[in-house]
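These notes are about the structure you will find just below.
Both backbone and side-chain heavy atoms feed into the values below; hydrogens, waters and symmetry mates do not.
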Amino acid sequence: MRPLRPDGLPVFIPLMGASVCAGFPSPADDYVEEALDPARLIVTNPASTFMWRVSGSSMINAGVNDGDFVVVDRSLKPRPGDVVVAMIDGLFSVKRARRHGARLALDFDSPAMPPLVLDEAAEAAIWGVVTWSLTRHRTIR
């Protein structure tokens, strides 16, 4: 899904320089390099990519905060360490895929949350792999 203007055309955002410094700025990077379509940056497989709004803070150590949007690609095979969207007992939830022995398990990624222990009766399946999380840093009014 591409961001669209009211007239239905894609939105392109100017890309400034090669990167932005998080330390001391460089005056050499003060120019517009190109226009970037955000959807092309975050979506590699459009037919299998979806967005979800996150509710809750159980994944803050993964950089996924309450209110963020996550981009989820269903075509990717989950690996240990991936942040995933899983269906657990019929409910969707963002979790960290971890290796517990020979099995791939799901866990929270927050110091305030105890480890997630799925009992034998629990039904769990990985729905897709989170490839991006989008954090709002300022409310726009």
Can you hop from Val43 to Leu41 via hydrophobic side chains spaced under 4.5 Å?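 Result: yes, single cluster for both.
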Shared hydrophobic cluster for Phe50 and Phe69 (ILVMFWY, side-chain gaps under 4.5 Å):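 No, Phe50 does not connect to Phe69 through the hydrophobic network.
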Once you round to the nearest 0.5 Å, how far does OG of Ser55 lie from CG of Asn65?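 Interatomic distance, Ser55 OG to Asn65 CG, rounded to 0.5 Å: 12.5 Å.
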Please report the interatomic distance CD1(Ile42) to OG1(Thr49), rounded to the nearest 0.5 Å.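 The CD1 atom of Ile42 sits 8.5 Å away from the OG1 atom of Thr49.
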Can you sort out the partners of [X] under side-chain contact (heavy atoms from CB on, under 4.5 Å), two or more places apart, ordered by chain and number?
{"X": "Met87", "answer": "Phe92"}
{"X": "Ala97", "answer": "Val84, Leu104"}
{"X": "Ser57", "answer": "Ile60"}

Of all residues at least two apart in sequence or in a different chain, which pass the side chain to side chain donor-acceptor pair (under 3.5 Å) check with Asp107?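 None.
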For Leu91, the other hydrophobic cluster members (4.5 Å side-chain criterion, sorted by chain and number) are none
Where is the tightest heavy-atom contact between [X] and [Y], given as atom of each residue plus distance?
{"X": "Met59", "Y": "Arg96", "answer": "CE-N, 3.6 Å"}
{"X": "Leu106", "Y": "Ala86", "answer": "CD1-CB, 3.5 Å"}
{"X": "Phe108", "Y": "Arg98", "answer": "O-NH2, 3.7 Å"}

Donor-acceptor contacts, no H, no angles, side chain residues 124-134, under 3.5 Å, sequence neighbours left out:
residue : atom : partner : partner atom : Å
Thr131  : OG1  : Val71   : O            : 3.3
Ser133  : OG   : Gly63   : O            : 3.4

